[in-house]
Amino acid sequence: ISCTTSVYIYLKTWFINYRMIMKTKYILLSAIMGASVSLTSCEDFLGEMPDPRTEITPENAAYLLVSAYPTSAMPIEIFEMYSDNTDAYPNRFSAMDRLQEDLFKWADTSQNGTDSPSMVWEGCYKSISACNEVLKMIEEQGDLSSMSALKGEALVCRAYNHFILATVFCNAYGSQAESELGLPYMKTVETTVSPSYERGTLAELYKNIEEDLLAGIPLLDDSKYSIPKYHFTKNAAYAFATRFYLNYTQPDLSNYDKVIEYSSMVLGDNPSVNMRDWAAMGALSVNGDIQPNAYVESDDNANLLLHSYHSYWGYISGPYGLGERYSHGPIVSYETNRSNGPWGSFAAGDNNIYHLGVWSNSSGLPTKVITRKIAQYWEIVDAVAGTGNGYCVNAAFTTDELLLCRAEAYTMKKNYDLALNDLNIWMAAYTKQTVPMTEDVINSFYNGLNYSTPTNATVKKELHPEFAIAQGTQENMIHAILHARRITTLYEGLRWLDIKRFGITVYRRFIRDDGGIDVTDKMEPNDLRRAIQLPSDAISAGIQPNPRN
């Protein structure tokens, strides 16, 4: 079954089951929410009384947990627009919408539609509410052992949604976490009108995420899932734990021990057998959605968790004349999918070191130089009127990313041999290079580069993390890992997390028709805009906003 078909069947089956529950159980949590979260306005979002007819039972709770995954929005467009993967082009090209322009300009946007920070906020808290309804039901049933797997999934999903919110609306975790703003951690179903919520600290937020994650993982049972790749299996939860601890920076770097522990549970003794077959994907046609569909196939061992979500990101990141004014174009591509590395040099055609080729539009000034990974799907709402909703499918966790996370952890623990081994496994899968890299090769390549500037860009960015990185091999290995991860996760938003953790300065560049570059803004490591502003409805309801200059 193709990816598109399997996604359709999965969603269709869920909606059929959901309608059956609605008929027999009246209302399922106010359309999957219950009392606590419905952010049309923040009054409704955090203050609506529960419907007295709502009844969650052991029989329908599993269906409710489908809503525990953030299907209404993911912050992928937000993160890509905020990152150094995007440049601006002349105004004869158009933005997808006002939201895309606001995101590129790091503006506190008032837009609240699809792909917006407001929609991420609403979607994640809706999912958290579904988790809390299930956990409440389990507690009222006496915390039955027969429902332990359901409890585990609810706890991990609650942690995951809070983690997504933290990466969007908070600063990177660091030494100031005890005093920096966190977010409300929702553990109960709200039963009062217009409750007051304190944001707490970033340290408290991450501690709560960790507690839920560690409590949930042992309870998970893969055999309970009909389509495992759309749920938190053990491996998907280990991958989430890996990413969480990668971003939960500790002064003694003990978080990297956790990264190694959890990633190794998935990767095993021979990680190469579970890497994506990039050569096979590169052999597919770049036309249509053939490559993107292959990328999110549920039977690909590299994909650990998939979920569909409302989005038009597939249009902006894909081969369409939409969103061209702010996009991944020719200049930035020489830092990403057309970059040279210690693994070899990019060249067009068959001499390209990478298995995946690139597509670019044919205008005199190309605005899109892309690798095909994100397809745009469409759900028809009214066939006569021609209306519908856009969907994308996100490979939320993959073995490709997991391997590079572990390589970073090994490097920060100064175990360079093991880090190099992981890098070479990545290289063997992603590139056509067959000669393993050595420390000398990596040192020679990155020592030979100047640090990047906005008008003379290289793949070597100045790093300003709170933790120390030794000059020489350790720094060069980190450059190689960040370089590889930036290429591998292009269009998936994860570059933004690296930018925040490593204190990388981002510039806003305007690319003129003659190919010249004008720098219009920059975001340094201490820039307050790195914590994206809360939705205006939440602020109006009394939740403390992120500070601004």
Side-chain angles (χ1 to χ4, degrees), residues 83-85 172 242 246-247 249 252-253 255-257 259-260 263 271 332-346 353-354 400-454 456-490 494-507 524-525:
S83 79
D84 54 2
N85 286 339
T242 298
L246 195 73
N247 290 275
T249 308
D252 60 357
L253 302 183
N255 59 299
Y256 282 116
D257 296 324
V259 171
I260 295 168
S263 60
V332 70
S333 71
Y334 287 112
E335 303 173 40
T336 57
N337 56 1
R338 296 199 297 184
S339 63
N340 300 332
W343 40 80
S345 300
F346 172 85
I353 190 63
Y354 304 112
D400 308 296
E401 179 216 355
L402 202 62
L403 185 73
L404 294 170
C405 291
R406 190 173 73 173
E408 179 186 325
Y410 281 141
T411 299
M412 292 309 303
K413 303 298 284 189
K414 297 187 177 180
N415 196 332
Y416 301 134
D417 287 343
L418 291 177
L420 186 62
N421 185 60
D422 281 351
L423 264 176
N424 277 318
I425 292 172
W426 168 84
M427 182 189 73
Y430 196 82
T431 78
K432 300 174 185 176
Q433 179 62 265
T434 58
V435 179
M437 291 181 289
T438 63
E439 281 188 33
D440 288 342
V441 167
I442 290 174
N443 283 328
S444 177
F445 180 83
Y446 292 101
N447 284 339
L449 295 176
N450 293 323
Y451 286 105
S452 182
T453 67
N456 188 20
T458 72
V459 296
K460 181 180 176 181
K461 303 291 180 86
E462 288 191 6
L463 307 177
H464 302 284
E466 286 201 343
F467 46 90
I469 299 177
Q471 289 185 338
T473 297
Q474 188 174 47
E475 181 183 350
N476 288 331
M477 290 286 288
I478 290 296
H479 283 308
I481 293 160
L482 292 177
H483 185 181
R485 190 154 59 220
R486 187 179 181 188
I487 299 169
T488 308
T489 65
L490 188 61
L494 295 178
R495 172 65 175 174
W496 179 241
L497 302 189
D498 285 344
I499 286 170
K500 290 175 73 171
R501 282 190 307 117
F502 282 94
I504 298 172
T505 297
V506 183
Y507 296 89
E524 296 180 310

Student check: side-chain heavy atoms of Pro525 and Thr505 closer than 4.5 Å: yes

If you round to the nearest 0.5 Å, how far is CG of Leu490 from CG of Asn85? 5.5 Å

Are any side-chain N or O atoms of Ser339 and backbone N or O atoms of Thr336, one a donor and one an acceptor, separated by less than 3.5 Å? yes

If you round to the nearest 0.5 Å, how far is OG1 of Thr438 from CG of Asn424? 8.5 Å

Using modelled atom types and a 3.5 Å cut-off, is there a donor and acceptor pairing between side-chain atoms of Thr488 and backbone atoms of Ala484? yes

Set out, in order, the CA-CA distance, both residues' side-chain angles and the distance that settles side chain to side chain contact (heavy atoms under 4.5 Å, CB included) for Tyr410 and Ile481, then state yes or no. CA-CA 11 Å; Tyr410 281 141; Ile481 293 160; over 6 Å; no

Using 0.5 Å steps for rounding, measure from the CZ atom of Phe502 to the CD1 atom of Ile469. 5.0 Å

Using 30° and 60° as the class limits, which term best fits the ring planes of His479 and Tyr446: parallel, tilted or perpendicular? parallel

Please determine if Glu335 and Arg495 form a salt bridge, counting it only when a charged side-chain N lies under 4.0 Å from a carboxylate O. no

Quick check against the 3.5 Å criterion: does Glu401 have a side-chain atom that pairs as donor or acceptor with the backbone of Arg485? no

For a quick test of reading the model, state the closest non-hydrogen atom pair linking Ala468 to Met412 and the distance between them. O-CE, 3.6 Å

Heavy-atom nearest pair, Ile353 first then Gln433, reads CD1-N, 3.9 Å

Determine, step by step, whether Trp343 and Tyr354 satisfy the side chain to side chain contact (heavy atoms under 4.5 Å, CB included) criterion, reporting the C-alpha distance in whole Å, the side-chain angles of both residues, the deciding distance to 0.1 Å, and the verdict. CA-CA 9 Å; Trp343 40 80; Tyr354 304 112; 3.0 Å; yes

Kindly indicate, with the supporting measurements, whether the criterion side chain to side chain contact (heavy atoms under 4.5 Å, CB included) is fulfilled by Glu408 and Val259. CA-CA 9 Å; Glu408 179 186 325; Val259 171; over 6 Å; no

Residue pair Leu403 / Pro271: nearest heavy atoms and the distance that separates them: CD1-CB, 4.0 Å

Hey, what do you get for CE (Met477) to OH (Tyr416), rounding to the nearest 0.5 Å? 8.0 Å

I need the Trp426 CH2 to Leu404 CG distance, nearest 0.5 Å. 7.0 Å

With the side chain counted from C-beta on, respond yes when Thr458 and Tyr334 share a heavy-atom pair under 4.5 Å apart, and no when they do not. no

Can you tell me if Asn421 uses its side chain to pair, donor with acceptor, with the backbone of Asp417 under 3.5 Å? no

Arg486 and Asp84: CA distance, side-chain angles, deciding distance, side chain to side chain contact (heavy atoms under 4.5 Å, CB included) verdict: CA-CA 10 Å; Arg486 187 179 181 188; Asp84 54 2; 3.3 Å; yes

Can you list the residues that meet the side chain to side chain donor-acceptor pair (under 3.5 Å) rule with Lys460, with sequence neighbours excluded? none

Identify the two heavy atoms, one from Asn415 and one from Leu418, that lie closest to each other, and give their separation to 0.1 Å. ND2-CD1, 3.2 Å

What are the two closest non-hydrogen atoms of Ala419 and Thr411, and how far apart are they? CB-OG1, 3.2 Å

Do side-chain atoms of Thr242 reach the backbone of Leu402 as a donor and acceptor pair under 3.5 angstrom? no

Taking the side chain as every heavy atom from C-beta outward, state whether Leu420 and Ile442 have any pair of such atoms under 4.5 Å apart. yes

Looking only at heavy atoms, which two atoms of Val441 and Pro342 are closest? And how far apart? CG1-O, 3.6 Å

Measure the CG-CD1 distance between Leu482 and Ile487 for me, rounded to the nearest 0.5 Å. 11.5 Å

